[in-house]
Asks: 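Here it is: the structure, laid out below.
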There are 2 protein chains.
Amino acid sequence: MTPTTDRGAPAGYNPSQFPAFAVTVDVVILTMSGGSLHVLLVRRGEDPFEGMWAVPGGFKRPDETLDEAAKRELREETGVDAASLVTQFGAYGDPGRDPRMNVVTVAYLAVLRDVGAIAAGTDAADAALTSVSDVLNGKLQLAFDHQRIVRDAVERVRLELEASGVATAFVGTTFTMAELRAVYEAIWGVQLDAANFRRSVVADDGWVIPTGRRARPGAAGGKPAELYRAGQLWKQGGPIRYPHKAEKRKGTR
Amino acid sequence: MTPTTDRGAPAGYNPSQFPAFAVTVDVVILTMSGGSLHVLLVRRGEDPFEGMWAVPGGFKRPDETLDEAAKRELREETGVDAASLVTQFGAYGDPGRDPRMNVVTVAYLAVLRDVGAIAAGTDAADAALTSVSDVLNGKLQLAFDHQRIVRDAVERVRLELEASGVATAFVGTTFTMAELRAVYEAIWGVQLDAANFRRSVVADDGWVIPTGRRARPGAAGGKPAELYRAGQLWKQGGPIRYPHKAEKRKGTR
DNA sequence: AAAGTTATGGTCTTGGCGACCAGAACTTTG
DNA sequence: CAAAGTTCTGGTCGCCAAGACCATAACTTT
C-alpha cells in the first residue's frame, strides 16, 4: 500500500509488501487542580474529530526514540522541559481508530505540579485542564480512543502511586503534609488519617526533608504546617500503601 | 516538519509526507523448565541478524488489533490458542533498531505451562527454550534490541506475580503446593517457608481448589502431596506478597 | 478573650507475616 | 520387616506495620 521511507533495503527486499503505519505518541498530562485529578486536553482544529477535545500528541520522527518524542511533545505543548515523570504505559493500534489511515500510537503518562499557568502560555489553539471524572464518566467525549487512553493512564498512576514516589511530582518543590496527603486521597478516592499518614512518611529519613519554614494557614485559620521538600528515596518506592480494607475475609478481595 | 498538536491531515492529505513505519509484535514466551525461568527463542533465517536467536514476532496487519496480532503470532509459533496470559508491556522504537527500515515493535508477555513439546511440533526453522539468565547476563546474544525486551518482560512478570495470579499459568491444570511455590521462588529468587506459603494460599477459599487426588512422590520419596487446581480468584490478584525484608529500617527500602 | 480550625504527637489494638517446631505419611534402604 | 530419610502439613510464638482514636499545641478569625 503506502510506500515506506526506503532506507537501504537488502537486495530483493521490497518494503511495500509490508503494511505501513503512522506512529504517534500521545501524552496524558495529569495534575492536581482544586483537590481533584485533572488532565490537560487540547481542542482539535482539523479533521478528523475537528472541534473535539483530545490528548496532546504528534507524529514520531524516524530519528528520535519514543521517549524523546514524548518529551518533545510535552515540551512543545507545555514548555516544561524535564518532566517529573514521563512513563510509557501502552500502545494502541485498533484498526479504524483513526479513520484516515493506519495509526499506532504509543501513550505516555506525565505528572506535573501545576500545569495551569504553563498551558495558558502555549500557542495551542485551545488547551484546558479538565476534570478526569468528566472524561471517565463520558460527560466529555474525546476524539479517537482517547477516553480509553486516559482511563488506562489513571489506572497506571494509581498503581505507580504505591510502587514509586510519584506523589511528590504532583506537589510543588515545598509542600505540607496535608498537600501530599490530598494527592493520595484524590487519586485513590480514600480518606487517610492525618496523624498516621504523617508518621508513615516521616518514619524513615529520606522521604521528606523538613525545611525550617512554615506555611501560611488557609482562610479558615489553624496551626501553620511545616514545609517539607522531597528527599531522594522517592525514586525507589513510596511509603504509603493502598488501604486494602474491603477484603473482610471470605470471597472478597 | 510535522505539526504538533495537529496529528490530523487536511483534506487532500498525502500519507507519504508523514514518516512511515513498519509495526511488529514480539511475544516473549516464558515458562518454567528444570526449576528455572526459560524463554522461547527462534533462530532467524534471514537478514538482518541471520542465524542469531530472537524473540518470535511478526508484522501487525492493518485489519487486526495489537492483541490479536500477538495471539496470532503465539498461535503460529507454538500452536497454543488461548494463552493463559498475554499482556502488552512495552513499545520499542529506537532509531536504527532495525537496520533495514523504521520499525516500531509492541512487546507482549505470554506465560505457558510447558512449551517444550509444543515448540518442537512447530515448523519454525529452529526453536529452543533458553535459560533466561543466559540471555540477561549476555552469554547468549540476541538480535535487534531483544535482550532489553526480554529483560523488561522478566521485570514485568516479577511485578505481575505479586499483583495478579500469573503463578498458576506456569504450572499445569493440577499442581502441588511445592510446584506453585517453586514458581515464586524461581522468579523472585527467594526462599519461602513451605508451611507459611501453604497457609497464605489456602487461607481464603477461591485461590486453589483441592482435588481429592495425591501426586506421586519424587525419586527421593516423602509424603505424597495433595493435588490442587486453580480457582477463579487468581484473576484479581495473588495471595503471596514479595518479602520486602531487606528494609531493616533506616535508609534502605 | 473566646471559639474555631488545623497540625501533630501519643496510645492501644488488631492482624498479617515470618521463624521455628513437631508430627504425619510415605518412600527407599539395610 | 525395621530403620532411616524425605516431604508434607498443621501448630505456636513473637514481631511489627497499620489503623482507630484521643489529646494537645498553635494559630486563625470573630
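Every chain is numbered from 1, with letters handed out A, B, ... down the list of sequences.
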Asks: Examine distances only and state if a side-chain atom of Asp145(B) and a backbone atom of Arg148(B) form a donor-acceptor pair shorter than 3.5 Å.
Replies: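 No, because the side chain of Asp145(B) does not come within donor-acceptor range (under 3.5 Å) of the backbone of Arg148(B).
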Asks: Atom CG of Leu227(A) and atom P of dA7(C): how far apart are they, to the nearest Å?
Replies: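 About 12 Å, once rounded to whole Å.
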Asks: Taking CG from Leu192(B) and P from dT9(D), how many angstroms apart are they, rounded to a whole number?
Replies: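 These atoms are roughly 16 Å apart.
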Asks: How long is the line joining CZ of Arg241(B) and C1' of dA18(D), in whole Å?
Replies: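 Atom-to-atom, Arg241(B) to dA18(D), this comes out as 11 Å.
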Asks: Take atom CG of Asp193(B) and atom C1' of dT12(D), then tell me their distance rounded to the nearest Å.
Replies: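 Going from Asp193(B) (CG) to dT12(D) (C1'), I get 13 Å.
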Asks: Report the distance from atom CG of Asn196(A) to atom P of dA23(D), rounded to the nearest whole Å.
Replies: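 Atom-to-atom, Asn196(A) to dA23(D), this comes out as 16 Å.
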Asks: Answer yes or no: is there a side-chain heavy-atom contact under 4.5 Å between Leu30(A) and Val132(A)?
Replies: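 Leu30(A) reaches Val132(A) side chain to side chain.
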Asks: Using a cut-off of 4.0 Å on non-hydrogen atoms, how would the nucleic acid contact of Ala178(A) be classed: base, sugar-phosphate, or nothing?
Replies: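 Sugar-phosphate only.
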Asks: When the distance from CD of Gln191(A) to C1' of dA20(D) is rounded to whole Å, what number comes out?
Replies: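 In whole Å, dA20(D) C1' lies 13 Å from Gln191(A) CD.
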Asks: For the pair made of CD in Glu162(A) and P in dA18(D), what is the distance, rounded to whole Å?
Replies: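 Taking atom P of dA18(D) as the reference, CD of Glu162(A) is at 10 Å.
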Asks: Out of dT9(D), dC27(D), dC20(C), which nucleotide sits closest to the side chain of Pro224(A)?
Replies: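 Of all the options, the side chain of Pro224(A) is nearest to dC27(D).
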Asks: Between Ala225(A) and Arg199(B), which has a closest nucleotide on DNA chain C that is more 5'?
Replies: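 So the residue in question is Ala225(A).
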Asks: dG9(C), OP1 or OP2 - any side-chain N/O from Arg198(A) closer than 4.0 Å?
Replies: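 So the side chain of Arg198(A) is within the cut-off, an N or O lying under 4.0 Å from OP1 or OP2 of dG9(C).
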Asks: What I want to check is whether the side chains of Asp152(A) and Tyr92(A) have a donor and an acceptor closer together than 3.5 Å.
Replies: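 Note: Asp152(A) and Tyr92(A) side chains meet the donor-acceptor criterion.
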Asks: Quickly work out the Arg214(B) CZ to dA25(C) P distance and round it to whole Å.
Replies: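 Distance, rounded to whole Å: 9 Å.
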Asks: Which of these, Leu41(A), Val135(A), Thr105(A), sits in a side chain to side chain contact (heavy atoms under 4.5 Å, CB included) with Val55(A)?
Replies: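 With Val55(A) as partner, side chain to side chain contact (heavy atoms under 4.5 Å, CB included) holds for just one option, Leu41(A).
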